[in-house]
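To keep things clear, I will list the structure first and then write my remarks on it.
When reading the values below, keep in mind they use all heavy atoms of this one structure, side chains included, and skip hydrogens, waters and symmetry mates. Within every chain, numbering begins at 1; the chains are lettered A, B, ... in the order of the sequence lines, protein sequences first and strands thereafter. Worth saying up front: this structure is predicted, and the values here are computed from it rather than measured.
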Protein chains: 2
Amino acid sequence: MQGVTGPGLRERKKQRTRDALLRAALELFTTKGYEETTVDEIVEAVDVSQRTFFRHFAGKQEAAFAMQEMVEERFVRALRERPAHEGPFAALRGAVLGSWDAVGESIEAVVPVELHMRTYQMIESTPSLLAVHLRRSIEREEQVAGIIAEREGVDLATDPRPRVAVAAFGGVMRVTGRQWGAGKDISVDSIRAITESYLDHLGPTLADDWRER
Amino acid sequence: MQGVTGPGLRERKKQRTRDALLRAALELFTTKGYEETTVDEIVEAVDVSQRTFFRHFAGKQEAAFAMQEMVEERFVRALRERPAHEGPFAALRGAVLGSWDAVGESIEAVVPVELHMRTYQMIESTPSLLAVHLRRSIEREEQVAGIIAEREGVDLATDPRPRVAVAAFGGVMRVTGRQWGAGKDISVDSIRAITESYLDHLGPTLADDWRER
DNA sequence: TGTCAACTGTCAGTCGCTGACTCTAGCCTC
DNA sequence: GAGGCTAGAGTCAGCGACTGACAGTTGACA
């Protein structure tokens, strides 16, 4: 009927079950705890078979990080689209803050933003998930370092600056997350403000343009 | 009979079983891979029941990190015993290098040093273990930051310097480990040399004594 | 020497996760 | 619009990590 034929009914159904599983999983994780939640409980809440859960998610952990994955991918895309004239730090900063702004549209379509925020806190306070979170962070930083190196036209293999800059940036982001998680204001505005403030401290060090000397 | 009555027969037997389990576990982990090794295979190699394994180790993972735990505890002890006049960086450096020297006596009593070295590489190259390794690292850094703060007589809650110094130090140690793991020389001398060299780069920045201004 | 307690073994069961097979229902073609 | 194709979901059986409960063995110690 319409000019653009979106995904078919089958595809939409699939997406709906996935979203339902994700919502149910995160809701259970954040209320009764990750370790205390069984996959059986999740699938029971959505009324599908356990096998279906494992067809959508590689494991319980993947469900816990599904939203993080989405947000980070968005951040990476935002970083790639940053104007070429921006220095590394300005680009990183712009991409993060832009991501937070876009959080409404991209997250809310799947789960309530408030649930996503609680999920972040749960990850930070669950040992097994914190471990995975840290590993994912350094893997992501490696990817981001590659993007920065490309932007600046330097060689990642010989020039340590991209990795150093990204590591410093990532370190600030980790502290930011912790600080926010420990506080009371669980809003997007809150974490946005903390991020901005923390990055301002780091700014002067990294703001200078490597290509101009 | 002797003046000093060491641990009784029961205790010695227990320790022997634990050591045997550890050796068998690490040997299997490093040869056929961590994920590919089952607890049943480990206990079969030592000829004890599976239940016994789980009485000695909280889980498969704990066995993989048992030696790291030992080395790190030794490092922490060495750090506490460092002369009070040393600055933070000198104390950290001395404690690490001292730990490497003492590796012979403390490790070899349980497993061959070479096996311990291979274990380290296995941890770095096994995703699930790398994740745990990173979490353990930041937890350990928190503890070490506390010791440094105490040594220097500063307040950890208000003064960021202990955490910053330890984070930098820990970062260098992580890079050191990776660098060593990627190389060919799997000896203690090798990692000691790399450690020393890398720390020398960091040195000038942290070497100044905070108490003198 | 006999009692106590620690260490271990056995057994049954939970939970995360996977492979193999079957069935159902969108999709696509004729 | 009927019928074949196939993606997605269900069922079943099974592995591996881990735990609780109970029972046997053997050092420790009075």
Euclidean distance, atom CZ of residue B:Arg16 to atom C1' of C:dC7 [Å, nearest integer]: 14 Å

Modelled atom types, side-chain donor and acceptor of B:Arg140 and B:Gln143, under 3.5 Å: yes

Nearest-neighbour nucleotide for the A:Arg55 side chain, C:dC7, C:dC21, C:dG16 considered: C:dC21

Residue pair A:His116 / A:Gln68, side-chain heavy-atom distance below 4.5 Å: yes

D:dC15 OP1/OP2 closer than 4.0 Å to side-chain N/O of B:Thr38: no

A:Asp185 and A:Ser187: side chain donor to acceptor below 3.5 Å: yes

Side chains of B:Arg192 and B:Asp101 in contact at under 4.5 Å (non-hydrogen atoms): yes

Distance in angstrom units between B:Asp40 CG and C:dG9 C1', rounded: 14 Å

Mutual orientation of the aromatic rings belonging to A:Tyr120 and A:His133 [parallel < 30°, tilted 30-60°, perpendicular > 60°]: perpendicular

N or O in side chain of B:Lys13 less than 4.0 angstrom from D:dG27 OP1/OP2: yes

Between B:Ser128 and B:Glu35: side-chain donor-acceptor atoms closer than 3.5 Å: yes

Parallel, tilted or perpendicular, as decided by the 30° and 60° cut-offs, for the rings of B:Phe75 and B:Phe169: parallel

Distance in angstrom units between A:Phe54 CZ and D:dC12 P, rounded: 18 Å

Residue met sooner reading DNA chain C from 5', once A:Val39 and B:His56 are mapped to nucleotides: B:His56

Flag if over 12 foreign heavy atoms under 6.0 Å of CG, A:Asp155: yes

Ionic contact status for A:Glu152 with A:Arg161, cut-off 4.0 Å: no

Within residues 41-50 of chain A, residues whose heavy atoms come under 4.0 Å of DNA chain D: A:Val48, A:Ser49

Nearest-Å distance for atom pair CZ/C1', residues A:Phe29 and C:dC15: 13 Å

Check: D:dG8 base within 3.5 Å donor-acceptor of A:Arg51 side chain: no

Distance in angstrom units between B:Glu35 CD and D:dC15 C1', rounded: 14 Å

Nearest-angstrom distance from the residue atom CG of B:Asp19 to P of C:dC7: 14 Å

C:dT8 phosphate, OP1 or OP2, under 4.0 Å from B:Thr17 side-chain N/O: yes

Gap between atoms CD and P, on A:Gln15 and D:dG8 respectively (whole Å): 11 Å

Nucleotide nearest A:Lys14 when distance is taken to its side chain, options C:dC7, D:dG8, D:dA17: D:dG8

Rounded distance (Å) that lies between atom C1' of C:dC17 and atom CZ of A:Phe53: 11 Å

Polar atom pairs between nucleotides 28-30 of chain D and protein, under 3.5 Å, N or O only, would you list them?
from: D:dA28; atom 1: OP1; to: B:Leu9; atom 2: N; distance (Å): 2.7
from: D:dA28; atom 1: OP1; to: B:Arg10; atom 2: N; distance (Å): 3.2

Basic-acidic side-chain contact under 4.0 Å: A:Glu27, A:Lys32: no

